[in-house]
There are 2 protein chains.
Amino acid sequence: MMLGIHSIMDAMVQTALRSGVALFEGLSDQGLEEAVALARRGKCARGETLFEQGKPAVAFHLIIAGRLKVSKDTVDGQQIIIRYLGAHEIAGCIAVCGGMPYPATAVAMEDTWLLTWDRTRLAQLAERYPVIGMNAMRIMGGRMMELQSRLTEMQTERVERRIAHTLSRLVVQAGRRTADGIEIDFPITRQDLAEMSGTTLHTVSRTLSEWEQAGIVTSGRQKVVILNPHALITIAEDLPRDGG
Amino acid sequence: MMLGIHSIMDAMVQTALRSGVALFEGLSDQGLEEAVALARRGKCARGETLFEQGKPAVAFHLIIAGRLKVSKDTVDGQQIIIRYLGAHEIAGCIAVCGGMPYPATAVAMEDTWLLTWDRTRLAQLAERYPVIGMNAMRIMGGRMMELQSRLTEMQTERVERRIAHTLSRLVVQAGRRTADGIEIDFPITRQDLAEMSGTTLHTVSRTLSEWEQAGIVTSGRQKVVILNPHALITIAEDLPRDGG
DNA sequence: CGGAGTTTTGAAGGACGTCAACATCTGTGG
DNA sequence: CCACAGATGTTGACGTCCTTCAAAACTCCG
């Protein structure tokens, strides 16, 4: 039996919503139905831009499946990666709440399916079901704490620690257990790690090489596997190391 | 005629609420009354701690008058300043929304008067008057954008630019026009500026000395006056300078 | 006037960016 | 299947921005 794109999407949506979307936690079945009914379904193909820094923020997204990279460009052509977003996470919330332009750009790393609400619809929804607003705030609070932590790291830590922290966060957000260790679940370059850690790809490369020597990680082209998470934390938290 | 502390406070609250508190923008008079009725009035004397990093977040504050310093300590005893908060701004919102511990510490720089709601009361209020929740989100969105910008700066800019950005932000948030120029409206040390810019007090001192030579600022003990805001922006945005 | 807190300035050293060259891998098209 | 271009990763050498260390001057307050 052939299924149309919408049927497949519907199935994904149902699965997704049942498996713990933080935004809808504690929402009644009725509320959930209404939310989905008000949403637009969309797909963002790999490499496509979902929203762009500086453009007026009109929409808010829930990722059903796939992955986005949220990054910010500077006037002089540099780029930093704010974060990656995976299934069940929300995108574009900051701007939509504030009625400001998007502060960053979101690009699909792989084909990504989304539920999308525009500003007014979301406001309606949040008014009818206050728990959605509360959840959104809790999510924003979490993101904010992460930003504060990263800012603190950037101001007080040396590069090696920062890279260790970056990798630790990636383990939590996108780690996948394998036979060898924990692998970051999407292709990631040295340049990407550099843009997350506030350094250059050269320094990341050197650091990973050292860590590979020490048996802490294995890394290859667009791939990082953490063999010894404990050692990574030891570096990130600047604890005394063995064999020093 | 003698006025009790509460009368004085009441007068301040009334004045404050009429002069543009972003949190209550668009709220009905009734809603405002109710909000104030549900609030606890409090004072935080200069030097006192309003809330502390790591402690459970129970309360949410609106500053009626005074100033707070919000900072974050690292495990190894370093400190960074997240931001200063002045009259009409809110404090403790992140943690309260998320039900997490406070991610930072707030200390009164001067005697500070506050309206305080605890978690449950605020939730009640936001449910009855959704516009409050919306406003809170808009404010959080703004804070988040600021954090993202600072993170970007920290990752891509040299110290001089970062210090210039820090000062620019202070001008907007706490600048006061004087005969000479724009003065930062509270005592601020080189150490403070360093903790906001991600550098050391030595570098801040050297940089301010250079700027003083160039006629961009005047600075003294715990004091900074911007004589030439345009030049400061020129440095912050790395535009081509005259006389180079 | 003494002492604590703040600021200034110099000198030295190092962490890390920059520059450069090369190696390796992937995908594409002949 | 191979050649080739483009993207990605590695490593060395060098320079420099900025921290660190050190000492002294200044300011405020009791």
Side-chain angles (χ1 to χ4, degrees), chain A residues 46-47 69 74 76-81 107 109-110 153-167 184 186-214 216-225 235 238, chain B residues 46-47 69 74 76-81 107 109-110 153-167 184 186-214 216-225 235 238:
Chain A
R46 177 200 164 103
K69 175 161 109 174
T74 65
D76 47 323
Q78 294 187 78
Q79 187 176 84
I80 82 151
I81 294 175
V107 176
M109 308 282 300
E110 46 192 273
E153 288 166 22
M154 286 298 310
Q155 294 202 10
T156 61
E157 297 175 6
R158 294 275 148 94
V159 272
E160 192 187 16
R161 279 187 74 181
R162 298 206 304 267
I163 297 171
H165 266 125
T166 298
L167 261 187
I184 306 305
F186 55 89
I188 188 161
T189 66
R190 305 287 182 270
Q191 177 70 31
D192 291 332
L193 287 170
E195 287 173 7
M196 283 187 270
S197 310
T199 180
T200 62
L201 72 151
H202 308 277
T203 301
V204 170
S205 180
R206 276 185 253 266
T207 305
L208 287 183
S209 293
E210 277 172 39
W211 289 353
E212 192 139 17
Q213 296 258 323
I216 301 171
V217 302
T218 312
S219 72
R221 191 185 174 83
Q222 307 195 353
K223 196 185 79 164
V224 182
V225 182
I235 295 171
D238 199 27
Chain B
R46 179 200 160 101
K69 175 162 109 175
T74 65
D76 48 322
Q78 295 187 78
Q79 188 177 83
I80 82 151
I81 295 175
V107 176
M109 308 282 300
E110 45 192 271
E153 286 167 22
M154 287 298 309
Q155 294 202 9
T156 62
E157 296 175 7
R158 295 274 145 99
V159 271
E160 192 186 17
R161 279 186 75 180
R162 297 205 306 264
I163 297 170
H165 265 125
T166 297
L167 262 188
I184 306 304
F186 55 89
I188 188 161
T189 66
R190 304 287 183 268
Q191 177 69 33
D192 291 332
L193 287 170
E195 288 173 7
M196 282 186 270
S197 311
T199 180
T200 63
L201 72 151
H202 309 278
T203 301
V204 170
S205 179
R206 275 185 253 268
T207 304
L208 286 184
S209 294
E210 279 171 39
W211 290 351
E212 192 140 16
Q213 296 259 323
I216 301 171
V217 302
T218 312
S219 71
R221 190 187 173 82
Q222 308 195 351
K223 196 186 78 161
V224 183
V225 182
I235 296 171
D238 199 27

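Remember, predicted model here, so these are calculated numbers, not experimental data. Any value given below was found using the heavy atoms of this structure, including those in side chains, with hydrogens, waters and symmetry copies removed. Every chain is numbered from 1, with letters handed out A, B, ... down the list of sequences.
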Of residues 190-200 of chain A, the positions that come close to DNA chain D - non-hydrogen atoms, cut-off under 4.0 Å
Arg190(A)
Considering the terminal five base pairs at each end of the helix from dC1(C)-dG30(D) to dG30(C)-dC1(D), what angle separates the two local helix axes, rounded to 10°?
30°
Short side-chain to backbone donor-acceptor contact, Thr203(B) and Thr199(B), under 3.5 Å
no
Could you tell me if the side chain of Ile163(A) sits less than 4.5 Å from the side chain of Val204(A), heavy atoms only?
yes
How long is the gap from CD on Gln191(A) to OG1 on Thr200(A), to the nearest 0.5 Å?
8.5 Å
Using whole Å, report how far NZ of Lys223(A) lies from C1' of dT24(C).
15 Å
Sequence neighbours left out, what passes side chain to side chain donor-acceptor pair (under 3.5 Å) with Thr218(B)? Give chain and number order.
none
Main-chain N/O of Gly198(A) paired to Arg162(A) side chain as donor or acceptor, under 3.5 Å:
yes
For residues 155-167 of chain A, which residues have at least one heavy atom under 4.0 Å from DNA chain D?
Arg158(A)
Min side-chain heavy-atom separation Leu167(B)-Val224(B) under 4.5 Å:
yes
Tell me: CD of Gln222(B) to P of dA4(C), nearest whole Å?
17 Å
Would you check if the side chain of Ser205(A) reaches a backbone N or O of Leu201(A) as a donor-acceptor pair within less than 3.5 Å?
no
side-chain contact (heavy atoms from CB on, under 4.5 Å), that's the test. Do Phe186(B) and Gln222(B) meet it? Break it down for me.
CA-CA 8 Å; Phe186(B) 55 89; Gln222(B) 308 195 351; over 6 Å; no
Partner residues of Glu210(A) under the side chain to side chain donor-acceptor pair (under 3.5 Å) criterion, sequence neighbours left out
none
Counting only side-chain nitrogens and oxygens, does Ser205(B) get under 4.0 Å of the OP1 or OP2 atom of dT8(C)?
yes
Under-3.5 Å donor-acceptor pair between His202(A) side chain and dT18(C) base:
no
Rounded distance (nearest 0.5 Å) linking atom OG of Ser219(A) with atom CZ of Arg190(A):
4.0 Å
With a 3.5 Å distance limit and no angle check, can you tell me whether Thr74(A) reaches the backbone of Gln78(A) through a side-chain donor-acceptor pair?
yes
Student check: side-chain heavy atoms of Arg161(B) and Glu153(B) closer than 4.5 Å
no
Mind checking Leu208(B) for me? I need base, sugar-phosphate or nothing, with any heavy atom below 4.0 Å counting as a touch.
nothing
Whole angstrom is fine here: how far is it from CH2 in Trp211(B) over to C1' in dT7(C)?
16 Å
Go through DNA chain D in 5' to 3' direction and return only the first and the last nucleotide with some atom under 4.0 Å of chain B's heavy atoms.
dC17(D) to dC28(D)
With nearest nucleotide decided by heavy atoms, which residue, Arg221(A) or Thr203(A), maps closer to the 5′ end of DNA chain C?
Thr203(A)
When rounded to the nearest 0.5 angstrom, what distance separates OG1 in Thr166(A) from CD1 in Ile184(A)?
10.5 Å
Ignoring backbone atoms, test whether Ser209(B) places a side-chain nitrogen or oxygen under 4.0 Å from the OP1 or OP2 oxygen of dT9(C).
yes
